[in-house]
Amino acid sequence: MTALPPDLAQSAIDTEIAKARAAAPGGDHPPRDFPPYRGSALRHPTHPLIPVRDPEAVELTGPAFGVTDVTDLDRDLTRHHPGEPLGERITVTGRVLDRRGRPVRGQLVEVWQANASGRYAHQRDQHPAPLDPNFTGFGRCLTDDEGRYSFTTIRPGAYPWRNHTNAWRPAHIHFSLFGEAFTQRLVTQMYFPGDPLLPFDPILQSVTDQDARDRLVAVYDHGLSVPEWSLGYRWDIVLDGPAATWTEDEEEAR
Amino acid sequence: MNPAPTPSHTVGPFFGYALPFTGGGDVAPPHHPDALTLRGRVLDGDGEPVPDAIVETWQPAPDGSRTGAPGSMRRDAVTGRVVGRHGADFTGFGRVATDADGHWLVRTLPPGGVPYVCVAVFARGLLHHLYTRAYLVDDPADALLAALPPQRRATLVTRPEPGAERVHRFDIRLQGEGETVFLEFP
Ligand SMILES: [Fe+3]
């Protein structure tokens, strides 16, 4: 093996994360420019975003999804193939709320993830871990009247990536969510409590505020675990961004 | 007390078997006489194509209605496969991944009441998605366009494709020379 440049050592990444954290004002979302995450270097805008305050902006409304878009099977990722997937069966559930704490009803939640070995069913994933013929790792559901979503799946494995030497992504599930407005769109990742890889991961650490980072980690909920069957995790999601239907009172209260 | 928002994260490189769906770019019904094509490339700070981005579009129906309609990902009841929109309802929603040269394409109908189609861009390396607008015409009455200096304003306005009818070109430059104007909604 050839020697690797020192700036690709985990210690160099750790130093950069600490530096970025000291420089960043915190906040709920990661900065788009986060040097320890090498992929962000050429893909973040350098101009400030232009604020749109037009109450008639189309972005304050959003697409609708319904029973024609989702089948009952979609929320159980363990039933998409003839056999049972390998790994630890889990249930992941929680509520989707808007910034006012109101449930987000009837909206589309999509998830995708690696299999139990940390391998994606994707041709560009070159991690030499086994594919599971009984697991694709993709699911959908609609939130119910309380804003609740629920998926049955298997716990994904950690996987290596090429951000730096010995870079490993902690186990995570990718989530995509719609609110009632295009401005409430969210794509994010859910992590598992107690994962020893969390402090080393430049993607999680791009969220520079500790409380905000903690909101990306699910809680193990023993009451959700099903005897002889599955382990339960709870993860609530709050969508940022305004919607057209907020009254002026609510806007003022903010 | 209002709950604190869940932080955004990158869509990563492996969304390809999850998010794009059959007919995701076919917002207009097949063979509709008013259909227009909105297409372009997503480019990075070096001007290189971004082959692992996903572009979503949202817009009013031609009659100006902004409620959208379910059925963008309409499913076959027997196989569960996505079979595409039935064309009777205008869902207003498009979603397409960029291909190996960063290109994306949506076929849609003209938005009613506004001159623009809303666009969201997601990509590996992009920790928080970006909003922009593809203006089909350079509307002098539009407040957002009017507030921008000419060079920046031009990044939001689609260009007609030479020799093609009803084809609007909209390249999205994430960074650098000709960087697209990106929006926030406070
Ligand atoms: Fe991942």
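Note that this is a predicted model, so its numbers are computed, not measured. Proteins get letters first, then strands, A, B, ... in listed order; numbering begins at 1 in each.
Under the 3.5 Å distance criterion, the side-chain polar atoms of A:Arg100 are left unmatched by any main-chain donor or acceptor of B:Asn2. For the pair A:Thr188 (side chain) and B:Pro7 (backbone), a donor-acceptor distance under 3.5 Å is present. Remark: the backbone N or O of B:Gly125 is not paired with any side-chain donor or acceptor of A:Arg43 at under 3.5 angstrom. Judged by distance alone, with hydrogens and angles left aside, the side-chain atoms of B:Gln175 form no donor-acceptor pair with the main-chain N or O of A:Thr46 at under 3.5 Å.
Only the side chain of B:Leu144 comes within contact range of chain A, with at least one heavy atom under 4.5 Å from a heavy atom of that chain. Contact annotation for B:Phe122: only side-chain heavy atoms (C-beta onward) come within less than 4.5 Å of a heavy atom of chain A. Heavy atoms closer than 4.5 Å to chain A are found in both the backbone and the side chain of B:Pro3. Looking at A:Gln189, the atoms closer than 4.5 Å to chain B (heavy atoms on both sides) sit in the backbone and in the side chain alike. With a 4.5 angstrom heavy-atom cutoff, B:Leu19 touches chain A via backbone and side-chain atoms both. Interface remark: B:Tyr131 contributes side-chain atoms only to the contact with chain A (heavy atom separation under 4.5 Å). When heavy atoms are compared at a cutoff of 4.5 Å, B:Ala120 approaches chain A by way of both its backbone and its side chain. Heavy atoms of B:Val119 lying under 4.5 Å from chain A belong exclusively to its backbone. Proximity to chain A (any heavy atom under 4.5 Å) is shown, for B:Val11, by both the backbone and the side chain. With a 4.5 angstrom heavy-atom cutoff, A:Val52 touches chain B via backbone and side-chain atoms both. For a residue to count as touching a neighbouring chain, one of its non-hydrogen atoms must lie under 4.5 Å from one of that chain's; by this rule B:Glu56 touches chain A with backbone and side chain alike. Residue contact with chain B, scored on non-hydrogen atoms closer than 4.5 Å, is absent for A:Ala181.
Between A:Arg140 and B:Ala18, the closest heavy-atom pair is NH2-O, 3.6 Å. Here the closest heavy-atom approach between residue A:Pro31 and residue B:Leu127 is recorded as O-CD1, 3.2 Å. Closest non-hydrogen pair, B:Tyr17 versus A:Gln113, comes out as OH-O, 2.9 Å. Summarising the geometry of A:Ser176 relative to B:Arg95, their closest heavy-atom pair is OG-NH2, 4.0 Å, with the distance given to 0.1 Å. Between B:Asp52 and A:Arg124, the shortest heavy-atom contact is CB-NH2, 3.6 Å. Residue A:Arg32 comes nearest to B:His129 through the heavy atom pair NH2-O, 2.9 Å, listed as atom of the first residue, atom of the second, then distance.
Shown here are the side chain to side chain contact (heavy atoms under 4.5 Å, CB included) partners of A:His81, two or more places apart in sequence or in another chain: A:Asn134, A:Thr136. Every ring-ring contact (aromatic ring centres under 6.0 Å, His included) that A:Trp112 has, sequence neighbours left out, goes to A:His174. Remark: A:Asp76 engages A:Thr78 in a side chain to side chain donor-acceptor pair (under 3.5 Å) (not counting sequence neighbours).
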Before you tell me yes or no, could you show the steps for A:Phe34 and B:His128 under ring pair (Phe, Tyr, Trp, His ring centres under 6.0 Å), namely the whole-Å CA-CA distance, both residues' side-chain angles and the distance that decides it to 0.1 Å? CA-CA 11 Å; A:Phe34 190 70; B:His128 197 166; over 10 Å; no
Let's go through B:His9 and A:Met190 carefully: what are the C-alpha distance in whole Å and the side-chain angles of both, what is the deciding distance for side chain to side chain contact (heavy atoms under 4.5 Å, CB included) to 0.1 Å, and is it a yes or a no? CA-CA 10 Å; B:His9 256 13; A:Met190 183 204 95; over 6 Å; no
Verdict with supporting geometry, A:Leu186 and B:Ser8, side chain to side chain contact (heavy atoms under 4.5 Å, CB included): CA-CA 6 Å; A:Leu186 176 69; B:Ser8 167; 4.1 Å; yes
Side chain to side chain contact (heavy atoms under 4.5 Å, CB included) between B:Tyr116 and A:Glu59: does it pass, once the steps are laid out? CA-CA 11 Å; B:Tyr116 59 87; A:Glu59 289 87 351; 4.1 Å; yes
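Chain A forms the most heavy-atom pairs under 4.5 Å with one residue out of B:Arg173, B:His86, B:Arg152, and that residue is B:Arg152. In terms of heavy-atom pairs under 4.5 angstrom with chain A, the leader among B:Thr180, B:Val82, B:Thr6 is B:Thr6. Residue with the most contacts toward chain B among A:Ala121, A:Gly27, A:Gly101: A:Ala121 (heavy-atom pairs, distance under 4.5 Å). Considering only heavy-atom pairs separated by less than 4.5 Å from chain A, the leading option among B:Val181, B:Leu130, B:Leu43 is B:Leu130. Interface check for chain A: of the options B:Phe15, B:Phe14, B:Phe182, the most heavy-atom pairs under 4.5 Å are formed by B:Phe14. Of the listed residues (A:Val207, A:Leu216, A:Asp236), the one with the most heavy-atom contacts under 4.5 Å to chain B is A:Leu216. The candidate from B:Thr91, B:Val42, B:Val50 with the greatest count of non-hydrogen atom pairs under 4.5 Å with chain A is B:Val50. Among the candidates A:Gly62, A:Ser40, A:Gly139, A:Ala57, the residue making the largest number of heavy-atom pairs closer than 4.5 Å to chain B is A:Gly62. When the candidates A:Phe178, A:Phe175, A:Trp161 are compared by the number of heavy-atom contacts under 4.5 Å with chain B, A:Phe178 comes out ahead. Between chain A and the options B:Asp46, B:Val121, B:Val114, B:Leu148, heavy-atom pairs under 4.5 Å are most frequent for B:Asp46. Heavy-atom pairs under 4.5 Å with chain B were tallied for A:Glu110, A:His44, A:His47, A:Arg213; the largest tally goes to A:His47. Comparing A:Asp28, A:Val58, A:Ile203 by heavy-atom pairs within less than 4.5 Å of chain B, the highest count is held by A:Val58.
The distance from the CG atom of A:Asp54 to the CG atom of B:Asp142 is 8.0 Å, given to the nearest 0.5 Å. Taking CD1 from A:Ile50 and OG1 from B:Thr132, the interatomic distance works out to 10.0 Å, rounded to the nearest 0.5 Å. The distance from the CG atom of B:Leu126 to the CG atom of A:Leu42 is 12.5 Å, given to the nearest 0.5 Å.
For residues 64-74 of chain A, heavy-atom neighbours of chain B at less than 4.5 Å comprise A:Ala64, A:Phe65, A:Gly66, A:Thr68, A:Asp69, A:Val70, A:Thr71, A:Asp74, sorted by residue number.
There is a side-chain donor-acceptor pair under 3.5 Å between A:Thr61 and B:Trp58.
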